[in-house]
*Asks:* 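One structure is given below, represented as structure tokens, and several questions about it will come after.
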Amino acid sequence: MDIVKYRWGVVLATLLLGFIVAFVVSVFRSRGVKYNWLGVLLSFSTMGLAIYLVFFRQL
């Protein structure tokens, strides 16, 4: 496994987790805003799957 590509995967996965945490915190602060939860779940899942496949599975 190419170590540079693996490290970029770790960096991007960490950023994605940071964005998820920031989003959840903003949801709890802004009561009354309705979200399309299926769209949110699909968006974060798609980004996570892309990071996993490209950087960790080396596709």
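Position 1 is the first residue of the sequence; numbering continues from there. Keep in mind that what you see is a predicted model, and the values were worked out from it rather than measured.
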*Asks:* So for atom CZ, which belongs to Phe23, do other residues, nucleotides or ligands contribute more than 12 heavy atoms lying within a distance under 6.0 Å?
*Replies:*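 Yes - once you tally the heavy atoms of other residues, nucleotides and ligands closer than 6.0 Å, there are more than 12.
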*Asks:* Residues two or more places apart in sequence or in another chain: which of them pass side chain to side chain contact (heavy atoms under 4.5 Å, CB included) with Leu12?
*Replies:*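 Scan of Leu12 (side chain to side chain contact (heavy atoms under 4.5 Å, CB included), adjacent residues dropped) gives Leu15, Ile51, Phe55.
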*Asks:* Output a table of donor-acceptor pairs, distance under 3.5 Å, between side-chain atoms of residues 34-48 and any protein atom two or more places apart or on a different chain; print 'none' if there are none.
*Replies:*
residue : atom : partner : partner atom : Å
Asn36   : OD1  : Gly39   : N            : 3.3
Ser43   : OG   : Gly39   : O            : 2.8
Ser45   : OG   : Leu41   : O            : 2.8
Thr46   : OG1  : Leu42   : O            : 2.6

*Asks:* Should Val4 and Tyr6 be regarded as members of a common hydrophobic cluster, given that ILVMFWY residues are connected when their side-chain heavy atoms come within less than 4.5 Å of each other, either directly or indirectly?
*Replies:*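 Hydrophobic grouping puts Val4 with Tyr6.
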*Asks:* When you group the ILVMFWY residues by side-chain heavy-atom contacts below 4.5 Å and let the links chain together, are Val25 and Phe19 in the same group?
*Replies:* no
